[in-house]
Amino acid sequence: MSDYDLFVIGAGSGGVRAARRAAMAGARVAIAEEYRIGGTCVIRGCVPKKLMVYASEYTDQIEHARGFGWTIGDVSFDFPTFMRRLHDEVDRLSGIYLRNLSNTGVQAYEERAEIVGPGKVKLTQSGKEITADKILIATGGTPWRPSDLPGVEHTITSNEVFHLKELPKRIVIAGGGYIAVEFAGVFAGLGVETTLVYRGDTVLRGFDADVRTHVHEGLIQKGVHVVTQSVFEKIEKNEASGELSVDLTNGSTLKADVIMMAVGRRPAIEGLGLEAVGIETSKNGAIIVDEYSRTNVENMWAIGDVTDRVNLTPVAIREGQAFAETVFQDQPVTMDYDNIPSAVFSQPPVGTVGLSEEDARHQFGGIDIYKAEFRPMKNALSGEESRVLMKLVVRQSDEVVVGCHIVGPDSPEIIQAVGIAVKMGATKPDFDRTCALHPSMAEELVTMREKFVAP
Ligand code: NDP
């Protein structure tokens with residue numbers, strides 16, 4: 001008999017959910033984690049990132065308070081104190097994950113596991129070999145850096161950013177995706193001279209065009225120096241002063257204390273032993289799976305970012321849950337990838353669900369757009385300049401709302417609720433007959449009556 005019914009490689013959000021569900025269904029389960037229990041989201045992703053976003057927002061909030069009659073005395077921010085508290089919270093959450101595993105009877109190995117044969121893994125630190133009837137790969141992704149960029153070793157990624165000892169005076173960030181945009185907001189908010197270098201013309205490719213423009217302008221408004229149509233050519237470090245300089249393809253040179261690469265992530269498969277059992281991967285290294293997360297090899301599954309489907313924590317969790325229910329509870333379930341709400345914690349943040357205007361036009365042809373851009377009430381007194389964007393994308397044939405996009409304060413919170421309506425197939429008339437909640441920002445979603453006509 002095998003040592004376990006299920007061995008899970010990777011104790012991130014997806015792996016932990018799958019392991020616990022399988023154990024709750026009566027399976028003998030083990031899980032291995034090479035870094036820290038909790039994975040990217042808890043340890044060096046969503047959670048600490050959002051804490052950094054919160055920290056950085058106080059700068060504006062303190063300033064805004066003056067507009068409401070507050071007199072603000074001397075204020076200061078102590079980065080090491082904040083980081084200590086951030087890591088205390090991460091430790092606390094990691095501890096909860098570990099306890100939850102053990103409470104459901106999952107054996108956790110806090111070391112790296114590699115596949116050495118069918119139904120067999122090896123723990124690399126202890127050298128222990130373990131057999132299991134089924135193996136689930138949930139190793140996630142890792143930040144990618146172009147290895148051919150001269151001086152790339154002087155850069156950090158979203159892994160190291162949570163371990164900065166002090167706040168840099170100047171940072172240069174490469175990329176125009178989620179991570180680049182979120183951290184540009186964080187550092188600018190904390191008073192760091194921040195430059196974002198993006199190869200395209202407007203950040204957040206793939207998002208609705210209005211969202212992209214709004215976020216792009218928001219970055220500039222927050223004081224981020226945005227350089228477009230440009231990439232890094234060479235990075236050099238002055239060993240004496242520690243100062244970094246980066247040459248860009250547009251011919252300019254930027255000086256910085258920290259340079260961060262946020263140019264995408266790749267599935268974490270290196271050295272995992274996929275070739276030992278013949279697991280197929282795509283060109284970018286993603287493990288190829290079917291709708292039940294089955295790989296091409298019998299008794300081996302993969303979920304989460306390592307499969308590069310929709311790389312979001314709640315998706316990995318649902319894939320893990322669906323795997324466990326299908327395999328250990330005999331209830332075949334597949335993940336539904338339609339209308340997944342998501343957020344970008346830029347400043348102001350983005351909340352989005354469904355299709356962009358461009359994708360909807362491409363898919364359905366006839367589309368109506370309802371759009372509002374306005375200054376939220378709070379800003380009238382706070383002095384904050386940013387405006388809110390609310391946009392509904394409606395399919396003409398049946399008036400179903402196929403997309404909703406918001407850029408503005410609390411938009412991630414709002415979109416979670418709107419996501420239910422969109423998922424249920426709510427129509428524009430359904431939105432219209434919902435009574436407004438006044439005064440709120442979100443009431444605009446149910447009061448937009450005029451179709452937007454491009455000027
Ligand atoms: P993204 O894929 O979102 O963005 C990568 C960025 O890097 C793009 O702007 C891309 O440009 C640019 N880029 C890619 N290759 C190069 C290159 N060779 N030279 C210069 N620029 C390049 O990746 P992130 O690293 O920001 O995030 C990874 C994933 O993590 C996200 O896709 C998301 O799934 C997840 N995530 C989700 C968050 C959330 O839900 N809030 C937060 C953080 C991450 P171009 O646009 O031209 O392709």
Side-chain angles (χ1 to χ4, degrees), residues 12-14 39-54 140-150 152 155-162 172-186 195-207 209 211-212 215-216 219 226-235 246-250 259-268 284-286 304-317 319 337 340-353 356 406-407 411-413 415-416 419:
S13 305
T40 299
C41 176
V42 173
I43 307 295
R44 46 193 181 186
C46 329
V47 170
K49 180 273 309 287
K50 194 154 179 201
L51 293 174
M52 288 185 95
V53 171
Y54 282 136
T142 48
W144 175 78
R145 284 190 290 192
S147 54
D148 57 351
L149 171 68
V152 72
T155 66
I156 64 163
T157 68
S158 57
N159 281 353
E160 294 77 34
V161 76
F162 299 113
V172 177
I173 302 174
Y178 284 82
I179 297 179
V181 163
E182 292 180 340
F183 277 97
V186 164
T195 306
L196 185 84
V197 179
Y198 175 47
R199 66 180 176 182
D201 55 10
T202 313
V203 295
L204 294 182
R205 188 167 62 83
F207 283 76
V211 169
R212 297 177 66 187
V215 171
H216 196 99
L219 283 165
V226 184
V227 180
T228 55
Q229 312 281 10
S230 208
V231 295
F232 291 179
E233 217 165 43
K234 185 176 67 169
I235 296 159
V246 52
D247 292 348
L248 308 185
T249 47
N250 68 3
I259 297 178
M260 178 174 173
M261 303 295 296
V263 289
R265 295 173 61 85
R266 296 286 182 274
N284 77 344
D305 287 10
V306 76
T307 62
D308 196 22
R309 286 177 279 183
V310 177
N311 298 332
L312 297 171
T313 298
V315 174
I317 291 173
E319 288 170 353
Y337 294 93
I340 297 168
S342 72
V344 184
F345 292 95
S346 46
Q347 297 180 30
V350 178
T352 175
V353 64
S356 66
I406 309 175
V407 186
S411 58
E413 305 291 339
I415 210 72
Q416 177 68 83

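Both ligands and their constituent atoms are indexed starting at 1 by order of listing. Keep in mind it's a predicted model, so treat the numbers as computed, not measured.
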**Asked** At their closest point, which heavy atom of Gly176 faces which heavy atom of Val181, and how far apart are they?
**Response** O-CG2, 4.0 Å
**Asked** Would you say ligand 1 has an N or O under 3.5 Å from any N or O of Gly200?
**Response** no
**Request:** Around atom 42 (C) of ligand 1, find the nearest protein heavy atom and jot down its residue, atom name and distance.
**Result:** Glu182 OE1, 3.3 Å
**Prompt:** For atom 36 (N) of ligand 1, which of Phe207, Tyr178, Phe232 has the closest heavy atom?
**Reply:** Tyr178
**Asked** What closest approach, in Å, do Glu182 and Phe345 show between heavy atoms, and which atom pair accounts for it?
**Response** OE2-N, 2.8 Å
**Prompt:** Numbering the atoms of ligand 1 from 1, which are under 4.0 Å from a heavy atom of Trp144?
**Reply:** 18 (N)
**Message:** Does any part of the side chain of Phe183, heavy atoms only, come nearer than 4.5 Å to the side chain of Leu196, both counted from C-beta?
**Reply:** no
**Asked** Tell me, which protein residue and heavy-atom name are nearest atom 23 (O) of ligand 1, and how many Å apart are they?
**Response** Gly264 CA, 3.4 Å
**Complete:** Closest non-hydrogen contact found for Asn250 with Val227 is ND2-CG1, 3.6 Å
**Request:** Check ligand 1 against Ala343 and write out every atom of the ligand that is under 4.0 Å from a heavy-atom position of the residue.
**Result:** 39 (C), 40 (O), 41 (N)
**Fill in**
When every non-hydrogen atom of His216 is compared with those of Asp201, the smallest separation belongs to CE1-O, 3.4 Å
**Prompt:** Tell me: protein heavy atom nearest atom 7 (O) of ligand 1, and distance?
**Reply:** Val263 CA, 3.1 Å
**From Thr157, Val172, Ile179, residue fulfilling side chain to side chain contact (heavy atoms under 4.5 Å, CB included) relative to Met260** = Ile179
**Message:** Quick check: do Leu248 and Phe232 have side-chain heavy atoms less than 4.5 Å from each other?
**Reply:** yes
**Prompt:** Does any N/O atom on Leu312 come nearer than 3.5 Å to any N/O atom on ligand 1?
**Reply:** no
**Prompt:** Looking at Gly176, which atoms of ligand 1 are within less than 4.0 Å of one of its heavy atoms?
**Reply:** 6 (C), 8 (C), 9 (O)
**Request:** List the closest protein heavy-atom neighbour of atom 30 (O) of ligand 1: residue, atom name, distance to the nearest 0.1 Å.
**Result:** Arg265 CD, 3.8 Å
**Fill in**
shortest atom 45 (P) of ligand 1-to-protein heavy-atom contact is with Arg205 NE, 3.3 Å
**Request:** Report yes or no: does Ser342 have a heavy atom closer than 4.0 Å to ligand 1?
**Result:** no
**Message:** What I'd like to find out is whether the side chain of Arg265 reaches to under 4.5 Å of the side chain of Asn311, using heavy atoms alone.
**Reply:** no
**Asked** Which pair of non-hydrogen atoms, one from Ile317 and one from Ser13, has the smallest distance, and what is that distance?
**Response** CG1-CB, 3.7 Å
**Request:** Return the residue, atom name and 0.1 Å-rounded distance of the protein heavy atom closest to atom 11 (O) of ligand 1.
**Result:** Arg199 NE, 3.1 Å
**Which residue and heavy atom of the protein sit nearest atom 34 (O) of ligand 1, plus the separation** = Asn311 O, 2.8 Å
**Item:** Shortest non-hydrogen contact from Tyr178 toward Ala343
**Value:** CE2-O, 3.5 Å
**Item:** Pairwise side-chain contact, Lys49 with Ser158, heavy-atom cut-off 4.5 Å (strictly under)
**Value:** no
**Complete:** Counting heavy atoms under 4.0 Å, the part of Val231 that contacts ligand 1 is side chain
**Prompt:** Identify the closest protein heavy atom to atom 44 (C) of ligand 1: which residue and atom is it, and at what distance?
**Reply:** Ile179 CG1, 3.6 Å
**Asked** Does a side-chain heavy-atom distance below 4.5 Å link Val263 with Arg145?
**Response** no
**Fill in**
Any heavy atom of Tyr198 under 4.0 Å from ligand 1? The part involved is side chain
**ligand 1 contacted by Ala262 (non-hydrogen, < 4.0 Å)** = yes
**Message:** Would Gly177 count as a polar contact of ligand 1, with the cut-off being nitrogen or oxygen pairs under 3.5 Å?
**Reply:** yes
